[in-house]
Amino acid sequence: MLDAAAAVFVASGVEAPVRDIAARAGVGMGTIYRHFPTRADLVVAVYRHQVEACAEAGPALLESSGSPHAALGRWIDLFVDFLVTKHGLAAALQSDDAGFETLHAYFLDRLVPVCGDLLRTAADAGEIQAGLSAYEVMRGVGNLCIGAENDPRYDARRLAQLLVRGLRRAS
C-alpha cells in the first residue's frame, strides 16, 4: 500500500483521491482507511517507508555494485527520487510544525550515516576525495531537486549525477 501511495503521490500529489491509491494497491478504500485513518497518517507512513527504503539501499548497493563510487551514484539516484516525492509530502505536513520537525530529524538520523558510509567507503577505495561531509553532499543534492517535481524540462537526477562524477578524485 505504501509503495502504491508513494507512486500516486508522485503522479498526482499528496491530495490525490484515496480511491486512486486503493486501486493502484489492489485493495478497497476501507483497507486504506483501516491502516491510515487520516491523510496525514498515510503521508507520514509513506515518508517513513521511503526513508527506510533509502537507508536500507546503501549497504545493499555497496554489496552489489562494481565499486563504491558506483554504489554512491546509484544511492544518490534513489535519494533524488525520494527527495522529489518528499517535497510534496513536506508541504502537506507543514501545518504540523512539531510533527514535521520530528520527521525531518528522523530523515537526518537515518540517511546521513548511510551517505557517510558510502562516502567513506569510496574515499577509502581512492575513488573520491576524502573528508566530504554527508550532510553537505545531501544538502547539495537536495538543492538540485527543488522544483523538479513541477518542471518536466528539468532533470534533477542528471544534475545530481554530475555532482557525483565531480566527487571523483583527480588522477
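Numbers for residues simply follow the sequence, beginning at 1. Bear in mind that the values here come from a model prediction, so they are computed numbers and not experimental data.
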Is it true that Asp155 and Arg157 have a side-chain N and a carboxylate O under 4.0 angstrom from each other?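 A salt bridge is absent here (no side-chain N lies under 4.0 Å from a carboxylate O).
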
Flag the pair Asp117 and Arg120 as a salt bridge only when some basic side-chain nitrogen lies within less than 4.0 angstrom of an acidic carboxylate oxygen.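 Arg120 and Asp117: salt-bridged.
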
Determine whether the side chains of Glu52 and Tyr47 contain a donor N or O and an acceptor N or O closer than 3.5 Å.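 No.
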
Could you tell me whether the side chains of His35 and Asp41 share a donor-acceptor contact shorter than 3.5 Å?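 No - no donor-acceptor pair under 3.5 Å links their side chains.
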
Atom pairs and distances, donor-acceptor, side-chain atoms in residues 124-133, under 3.5 Å, two or more places apart:
unit_1, atom_1, unit_2, atom_2, d
Glu127, OE1, His69, N, 2.5
Ser133, OG, Tyr135, N, 3.3
Ser133, OG, Glu136, N, 3.2

Of all heavy-atom pairs between [X] and [Y], which one has the smallest distance, and what is that distance?
X: Val8; Y: Ala16; value: CG1-CB, 3.4 Å
X: Ala156; Y: Ala148; value: CB-CB, 3.8 Å
X: Val80; Y: Ala160; value: CG2-CB, 3.6 Å

Arg168 atom CZ, neighbour heavy-atom count above 12 within 6.0 Å: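 Yes, because the 6.0 Å sphere around CZ of Arg168 holds more than 12 heavy atoms from other groups.
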
Evaluate whether atom CZ of Arg139 has more than 12 neighbouring non-hydrogen atoms of other residues, nucleotides or ligands under 6.0 angstrom away.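 At most 12 heavy atoms, drawn from other residues, nucleotides or ligands, come within 6.0 Å of this atom.
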
Rounded distance (nearest 0.5 Å) linking atom [atom1] of [X] with atom [atom2] of [Y]:
X: Glu56; Y: Leu61; atom1: CD; atom2: CG; result: 11.5 Å
X: Ile76; Y: Asp81; atom1: CD1; atom2: CG; result: 11.5 Å
X: Leu108; Y: Met138; atom1: CG; atom2: CE; result: 6.5 Å

Can you tell if the side chain of [X] reaches within under 4.5 Å of the side chain of [Y], non-hydrogen atoms only?
X: Arg110; Y: Val114; answer: no
X: Arg24; Y: Asp3; answer: no
X: Phe9; Y: Asp20; answer: no
X: Phe107; Y: Val112; answer: no
X: Thr121; Y: Leu72; answer: no
X: Pro68; Y: Leu118; answer: no

Tell me whether Arg34 contacts the main-chain N or O of Met29 through its side chain, where contact means a donor paired with an acceptor under 3.5 Å.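 Pair absent, no side-chain N/O of Arg34 close to backbone of Met29.
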
Any chance you could lay out the side chain to side chain contact (heavy atoms under 4.5 Å, CB included) test for Ile146 and Tyr154, step after step, and finish with the verdict? CA-CA 10 Å; Ile146 294 171; Tyr154 179 67; over 6 Å; no

Val164 and Trp75: CA distance, side-chain angles, deciding distance, side chain to side chain contact (heavy atoms under 4.5 Å, CB included) verdict: CA-CA 10 Å; Val164 171; Trp75 188 82; over 6 Å; no

Do you know which of Val46, Thr31, Leu42, Ile21 makes side chain to side chain contact (heavy atoms under 4.5 Å, CB included) with Met1?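 Of Val46, Thr31, Leu42, Ile21, side chain to side chain contact (heavy atoms under 4.5 Å, CB included) with Met1 is met by Thr31 alone.
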
